[in-house]
Amino acid sequence: MNLTYFDYKYSFPLESGESLPGFRLAYTTRGTINSDQSNVVWICHALTGNADAGDWWGGMVGPGKYYDPDHTFIVCANVLGSCYGSTGPLSVNPATGSAYHHDFPLVTVRDMVVALDLLRQELGIEKIHTCIGGSVGGEQAVEWAILQPNLIDNLVLIASGAIASPWCIAFNEAQRMAIEADPTWVEQRDDAGLAGMKAARAMAMISYRNYDTYGFTQALDNNEQLDGYKAAGYQRYQGDKLADRFNAFTYWVLSKVMDSHNVGRNRGSILNALGQVKARTLVVGIRSDLLFPPSEQQFLARHIPHAAYEEIDSLYGHDGFLIEFRPLTGIIRKWMASAASAAVVPTANSLLNSNQSVK
């Protein structure tokens, strides 16, 4: 999938009070937009994702899948601060002529969404039929629905929340401590902190999966085993796998982005912020999720007006949002069909009243 680039060439103020002297976002589109823009699907990616949703969500996106480019116009952009073509810590700082590295400013979820909205304006999109995201992608989606209440008709939030929990922040800080422990982290070079990031990713995997996941997928080879455990090898494999495609600076920046998430900041309260959402909303929780437990999705569903809530079982914990495409497809299809069967046109003012129970 070929990337396209949006270059914003003006000073871009950040929530922190700092600014970027412009930015670039890499994005992809699939399919053809309708004349009335009624088929726009905007997919927001999670922490280490990229702009090609078919790459990391192939069970949901592609020919013959639920989000089929033969019928929908699918947009996905690599977020600000990432490393898949968008401006991030390895980008050149115009003030120095060298990569930002440690000098890249603090970016928030809200900053990311403001940048996405500038791209949306550049593309001439005035209405998004469906905005969907899981995990950090869901954080972007709900933030966008609050920033632009009349933009999104249908909002789908999977394994996400309204605010970064102390539990989530603690996981992220432990990972940053692992990066800091790498003696190369103090250096201004692209591969600084890479060994630390491998350890950080191994720690993160424990929060993405759960006890039962490891018990099923990484069981002992035999009863006499003393070393060479599958679980140990799996942790190292995951660290190496990420190091082949990512860098510690970006990982650090995006973990801070996760920490920043709070829809209530400068809006009076979280409840006040969620009450501003006008999109018809579906919230999906994963029963075995340790990082974003279902209580966080239930909170969203209670306080976003007329939101529907569904929950899926998964062996894979938080990562179920990437893996369990069959139940997700079924839930979304049923939810979308419920509006059609009730002769409800899916607009930002359409409300689903028949499926609001929390399971």
Side-chain angles (χ1 to χ4, degrees), residues 12-15 25 33-34 36-45 72-77 79-80 108-158 160-164 257 260-284 296-309 332 335-336 338-339 342 344-356:
F12 183 68
L14 302 169
E15 270 200 281
L25 292 185
I33 192 169
N34 290 346
D36 61 358
Q37 301 191 354
S38 62
N39 67 334
V40 177
V41 173
W42 199 298
I43 299 174
C44 299
H45 73 71
T72 53
F73 181 68
I74 303 163
V75 186
C76 184
V79 294
L80 186 66
T108 68
V109 172
R110 197 170 299 173
D111 293 328
M112 284 180 170
V113 171
V114 172
L116 290 178
D117 198 64
L118 288 169
L119 168 60
R120 188 267 308 172
Q121 294 173 46
E122 176 71 13
L123 294 175
I125 295 173
E126 297 180 359
K127 180 65 69 174
I128 296 174
H129 177 271
T130 300
C131 184
I132 181 171
S135 190
V136 180
E139 294 176 351
Q140 297 165 56
V142 70
E143 180 66 43
W144 208 348
I146 296 167
L147 277 173
Q148 298 282 359
N150 298 310
L151 173 65
I152 299 166
D153 287 345
N154 299 281
L155 181 67
V156 183
L157 310 174
I158 308 166
S160 193
I163 185 173
V257 169
S260 78
H261 181 54
N262 180 357
V263 298
R265 187 170 53 250
N266 296 321
R267 291 178 176 139
S269 69
I270 293 173
L271 300 189
N272 183 62
L274 294 177
Q276 297 174 39
V277 175
K278 294 182 180 180
R280 179 173 171 266
T281 302
L282 170 66
V283 186
V284 182
E296 296 196 9
Q297 292 86 61
Q298 292 164 10
F299 180 89
L300 286 171
R302 281 198 302 272
H303 298 292
I304 293 175
H306 306 284
Y309 178 74
I332 296 169
W335 178 69
M336 294 299 296
S338 67
V344 177
V345 178
T347 68
N349 293 317
S350 299
L351 303 177
L352 183 64
N353 297 312
S354 62
N355 188 23
Q356 298 177 24

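Heads up: numbering here begins at 1 and tracks the sequence. The structure presented is a predicted model; accordingly, all values stated were derived computationally and were not measured.
- Not one N or O on the side chain of His129 forms a donor-acceptor pair closer than 3.5 Å with the backbone of Phe73.
- Shown here are the ring-ring contact (aromatic ring centres under 6.0 Å, His included) partners of Phe299, two or more places apart in sequence or in another chain: His303.
- Taken from CG in Leu80 to CG in Leu25, the straight-line distance is 6.5 Å, to the nearest 0.5 Å.
- Annotation: side chain of Glu143 is in contact with side chain of Val263 (closest heavy-atom distance under 4.5 Å).
- Here NZ of Lys127 is found 6.0 Å from CG of Asn150. Values are rounded to the nearest 0.5 Å.
- Side chain of Asp111 to backbone of Thr108: a donor-acceptor contact under 3.5 angstrom is found.
- Here CG of Leu300 is found 11.5 Å from CD1 of Ile163. Values are rounded to the nearest 0.5 Å.
- Between Val283 and Ala307, the shortest heavy-atom distance links the atoms CG2-CB, 4.5 Å.
- A heavy-atom distance below 4.5 Å is not found between the side chains of Leu119 and Ile125.
- Looking only at distances, no side-chain donor or acceptor of Arg280 sits under 3.5 Å from a matching main-chain atom of Ala308.
- The CG atom of Asp117 sits 15.0 Å away from atom CE of Met112, with the distance rounded to the nearest 0.5 Å.
- Applying the 6.0 Å contact sphere to CD of Glu126 captures no more than 12 heavy atoms from other residues, nucleotides or ligands.
- Of all the heavy atoms in Leu151 and Trp144, the pair that sits closest is CD2-NE1, 3.4 Å.
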Legend entry - Residues Asn154, Leu282; criterion side chain to side chain contact (heavy atoms under 4.5 Å, CB included); working and verdict: CA-CA 8 Å; Asn154 299 281; Leu282 170 66; over 6 Å; no

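- In this structure, OG1 in Thr281 is found 11.0 Å from CG in Asp153, a value given to the nearest 0.5 Å.
- Side-chain contact between Leu157 and Ile304 is present, with at least one heavy-atom pair separated by less than 4.5 Å.
- Minimum heavy-atom separation, Val284 to Tyr309: C-CE1, 4.5 Å.
- With rounding to the nearest 0.5 Å, the separation of CD1 in Ile332 from CD1 in Ile158 is 5.0 Å.
- Closest heavy-atom contact between His261 and Val142: CE1-CG1, 4.2 Å.
- For the residue pair Gln140 and Cys44, the shortest heavy atom distance occurs at OE1-CB, 3.8 Å.
- Residue Leu155 comes nearest to Ala279 through the heavy atom pair CB-CB, 3.9 Å, listed as atom of the first residue, atom of the second, then distance.
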Using residues 130-138 as the side-chain source, report each donor-acceptor pair under 3.5 Å to any protein atom, sequence neighbours left out, with the distance given to one decimal.
from   : atom 1 : to     : atom 2 : distance (Å)
Ser135 : OG     : His318 : NE2    : 2.8

Inset, instruction - Run the numbers on Asn272 and Gln276 for side chain to side chain contact (heavy atoms under 4.5 Å, CB included), then give the verdict. - result: CA-CA 7 Å; Asn272 183 62; Gln276 297 174 39; 3.4 Å; yes

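- Applying the side chain to side chain contact (heavy atoms under 4.5 Å, CB included) test to Asn34 and every residue at least two apart in sequence or in another chain returns Asp36, Ser38, Asn39.
- Side chain of Gln297 to main chain of Ser160: a donor-acceptor pair is present (N/O by atom type, distance under 3.5 Å, no hydrogens or angles).
- For Arg110 (side chain) and Arg265 (main-chain N/O), a donor-acceptor pair under 3.5 Å exists by modelled atom type.
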